[in-house]
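Quick notes on the structure that follows.
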Amino acid sequence: MASKEKVCILGSGNWGSAIAKIIGSNAARLDSFDSTVNMWVFEELIDGKKLTEIINTTHENVKYLPGKKLPENVVAVPDAVEAAKDADILVFVVPHQFIPKLCSSLEGNIKSTAVALSLIKGFDVAEGGGIDLISQIIKRHLKIDVSVLMGANLANEIADEKFSETTIGCRNKTVGQILKNLIQTDYFRVSVVDDVEAVEICGALKNIVAVGAGFIDGLTLGDNTKAAIIRIGLMEMIKFVDTFYSGARLATFLESCGVADLITTCYGGRNRKVSEAYVTSGKSIEELEKEMLNGQKLQGPITAAEVNFMLKNKNMENDFPLFTTIHKICTGQLVPKDLIEQMKINTSKSDEINLEKCNLNQAGGE
Ligand SMILES: NC(=O)C1=CN([C@@H]2O[C@H](COP(=O)(O)OP(=O)(O)OC[C@H]3O[C@@H](n4cnc5c(N)ncnc54)[C@H](O)[C@@H]3O)[C@@H](O)[C@H]2O)C=CC1
Ligand SMILES: O=C(CO)COP(=O)(O)O
């Protein structure tokens with residue numbers, strides 16, 4: 001790596017802008033980083049003005065993180081290749097449905113020695129009936145090492161500098177320390193673990209559970225029911241990792257990326273909010289996403305569809321009744337109140353994992 005690491009942030013939505021605030025300030029403060037941080041902005045017009053120009057003059061992303069100043073060394077760039085071509089560290093933070101196109105545009109146009117950090121929660125469907133992790137897509141296109149950062153990280157709260165924790169999954173200790181230096185502040189505390197796949201999968205799957213929590217809120221079923229959905233969701237997350245990604249560790253679910261992110265998203269996230277409105281308004285999820293989120297993107301319903309694509313192909317829908325039911329409600333195959341009926345009949349399947357004996361428990365940690 002270069003003596004002064006150059007950082008590029010690819011994405012500038014709600015979380016992209018909040019992390020740009022942190023990265024910009026750390027890059028300016030620490031000698032080991034080049035102080036100029038490029039941020040790729042998917043260009044759009046706001047009242048006839050380009051968003052990149054607004055960011056570069058007012059130092060505020062007025063659409064996706066209004067009211068918060070970005071450090072002046074964060075430079076908005078409308079061309080992804082231009083933004084990324086000289087970077088040593090590429091921070092990926094776009095809504096997950098846009099990653100394949102972004103990676104294709106970067107292919108062959110970045111430093112071969114660069115490393116990536118993905119903050120993206122979601123999957124993509126894969127040829128052959130399975131799913132790809134977002135980190136795998138980045139790696140396949142760009143042929144660089146990819147670490148991940150996931151945690152209980154509602155972007156607006158972090159932009160407000162409220163104390164929060166996060167988890168970086170990284171296999172290389174030196175790179176892990178560099179990434180920690182880049183991200184950690186006194187109010188945003190970073191743990192680095194080497195269980196990279198489990199960290200990433202926790203981040204993706206908790207968005208499905210949050211959709212279920214929103215349905216429960218919309219049905220006004222109360223705190224006990226919501227806690228039950230969170231617990232069942234956690235069991236399905238553990239079972240999913242144990243079944244499809246063996247070698248991970250149970251302890252990872254106790255990091256910020258696991259149970260903490262599950263809790264915060266089920267109480268404070270966009271997936272919860274829109275799913276509650278789905279029950280009470282009778283509108284479609286797509287309509288509500290447009291009406292309620294001002295251009296921000298929901299990840300839960302599409303993640304539920306991606307997971308269902310794989311479970312259906314493997315004839316395993318019944319082994320993950322919560323994930324399956326949430327997908328069926330999102331797609332109109334079931335109605336929200338069916339969630340409870342399904343849980344009454346099927347939760348034993350979610351719990352069908354012996355934690356004493358599961359693969360996750362056997363793998364040795366540090
Ligand atoms: N917002 C949050 O509190 C958190 C979000 N995340 C994750 O971070 C990732 C990014 O989320 P946010 O930054 O919140 O984004 P967001 O939900 O605010 O999405 C808006 C962003 O998408 C961009 N966009 C729209 N159309 C596009 C296109 N065709 N191609 C490329 N970009 C396009 C917009 O320009 C804007 O930058 C997601 O995977 C999310 O799950 C993770 C932790 C917290
Ligand atoms: O991932 C998040 C918090 O860690 C944000 O969740 P939402 O996308 O549901 O707002």
Donor-acceptor pair, side chain of [X] and main chain of [Y], under 3.5 angstrom:
X	Y	result
Glu255	Val199	no
Glu317	Leu311	no
Asn56	Ala76	yes
Asn38	Ala83	yes
Asn271	Gly300	yes
Glu306	Phe123	yes
Tyr64	Asn294	no
Asn26	Gln184	yes
Asn14	Ala155	no

From CA spacing to verdict: salt bridge (charged side-chain N to carboxylate O under 4.0 Å, His left out), Asp194, Arg249
CA-CA 10 Å; Asp194 63 6; Arg249 281 195 290 281; 2.6 Å; yes
Connected via hydrophobic side-chain network under 4.5 Å: [X] and [Y]:
X	Y	value
Ile326	Val279	yes
Met310	Met237	yes
Leu10	Val7	no
Phe42	Ile120	yes
Ile134	Val241	no

Verdict with reasoning, Ile168 to Val193, per side chain to side chain contact (heavy atoms under 4.5 Å, CB included):
CA-CA 6 Å; Ile168 287 180; Val193 301; over 6 Å; no
Residue pairs passing the side-chain hydrogen bond (donor to acceptor under 3.5 Å, both in side chains) test where at least one lies in residues 222-235, sequence neighbours excluded
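Counting only pairs at least two positions apart or across chains, the side-chain hydrogen bond (donor to acceptor under 3.5 Å, both in side chains) contacts touching residues 222-235 are Asp217-Lys226, Arg231-Asp351.
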Check this for me, if you would: do [X] and [Y] make a salt bridge, where the nitrogen-to-carboxylate-oxygen distance has to be below 4.0 angstrom?
X	Y	value
Glu276	Lys273	no
Glu287	Lys290	no
Glu352	Lys349	yes
Asp160	Lys68	yes
Glu161	Lys21	yes
Lys63	Glu44	yes

For residues [X] and [Y], report the shortest heavy-atom separation together with the two atoms involved.
X	Y	value
Gly24	Val37	CA-CG2, 4.3 Å
Glu236	Phe323	OE1-N, 3.0 Å
Ser25	Pro71	N-CG, 3.6 Å
Asp195	Ala248	OD1-CA, 3.3 Å
Gln333	Thr331	NE2-OG1, 2.7 Å
Val74	Ala20	CG2-O, 3.5 Å

Taking side chain as C-beta onward, heavy atoms only, is [X] less than 4.5 Å from [Y]?
X	Y	value
Ser135	Val196	no
Cys266	Val209	yes
Leu133	Glu197	yes
Pro301	Val211	yes
Ile110	Lys85	no
Pro78	Val41	no
Ile144	Val115	no
Leu102	Phe92	yes

When rounded to the nearest 0.5 angstrom, what distance separates [atom1] in [X] from [atom2] in [Y]?
X	Y	atom1	atom2	answer
Asp132	Glu127	CG	CD	9.0 Å
Lys180	Ser147	NZ	OG	14.0 Å
Thr324	Leu334	OG1	CG	10.0 Å
Ile178	Ile183	CD1	CD1	12.5 Å
Ser348	Met343	OG	CE	10.0 Å
Leu106	Lys101	CG	NZ	12.0 Å

Would you sort out whether Thr36 and Asn73 count as a side-chain hydrogen bond (donor to acceptor under 3.5 Å, both in side chains), showing the intermediate values?
CA-CA 5 Å; Thr36 301; Asn73 54 316; over 6 Å; no
Of Gln299, Lys121, Lys206, the residue whose pairing with Thr265 passes side-chain hydrogen bond (donor to acceptor under 3.5 Å, both in side chains)
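With Thr265 as partner, side-chain hydrogen bond (donor to acceptor under 3.5 Å, both in side chains) holds for just one option, Lys206.
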Can you confirm whether more than 12 heavy atoms, excluding those of Lys49, are under 6.0 Å from its NZ atom?
no
Take the angle between the ring planes of Trp15 and Phe188 and call it parallel below 30°, perpendicular above 60°, tilted in between.
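Judged by the thresholds at 30° and 60°, the geometry between Trp15 and Phe188 is perpendicular.
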State which residue, out of Thr303, Asn207, Asp124, Ile137, fulfils the side chain to side chain contact (heavy atoms under 4.5 Å, CB included) condition with His96.
Thr303
Exactly one of Met292, Lys283, Glu286, Glu291 should register a side chain to side chain contact (heavy atoms under 4.5 Å, CB included) with Val274. Which one does?
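It is Met292, the one option of Met292, Lys283, Glu286, Glu291 that forms the side chain to side chain contact (heavy atoms under 4.5 Å, CB included) with Val274.
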I'd like to know if the side chain of [X] pairs up with that of [Y] as donor and acceptor (distance under 3.5 Å, no hydrogens or angles considered).
X	Y	result
Asp145	Asn172	no
Thr58	Glu60	no
Glu165	Ser191	no

Test side chain to side chain contact (heavy atoms under 4.5 Å, CB included) applied to Leu234 and Ile230, step by step:
CA-CA 6 Å; Leu234 179 60; Ile230 293 172; 5.6 Å; no
What pairs of residues pass the ring pair (Phe, Tyr, Trp, His ring centres under 6.0 Å) test when at least one of them lies in residues 234-262, not counting sequence neighbours?
Phe240-Phe244, Phe240-Phe320
Go through the structure and list residues passing side chain to side chain contact (heavy atoms under 4.5 Å, CB included) with Leu154, not counting sequence neighbours.
Glu157, Thr264
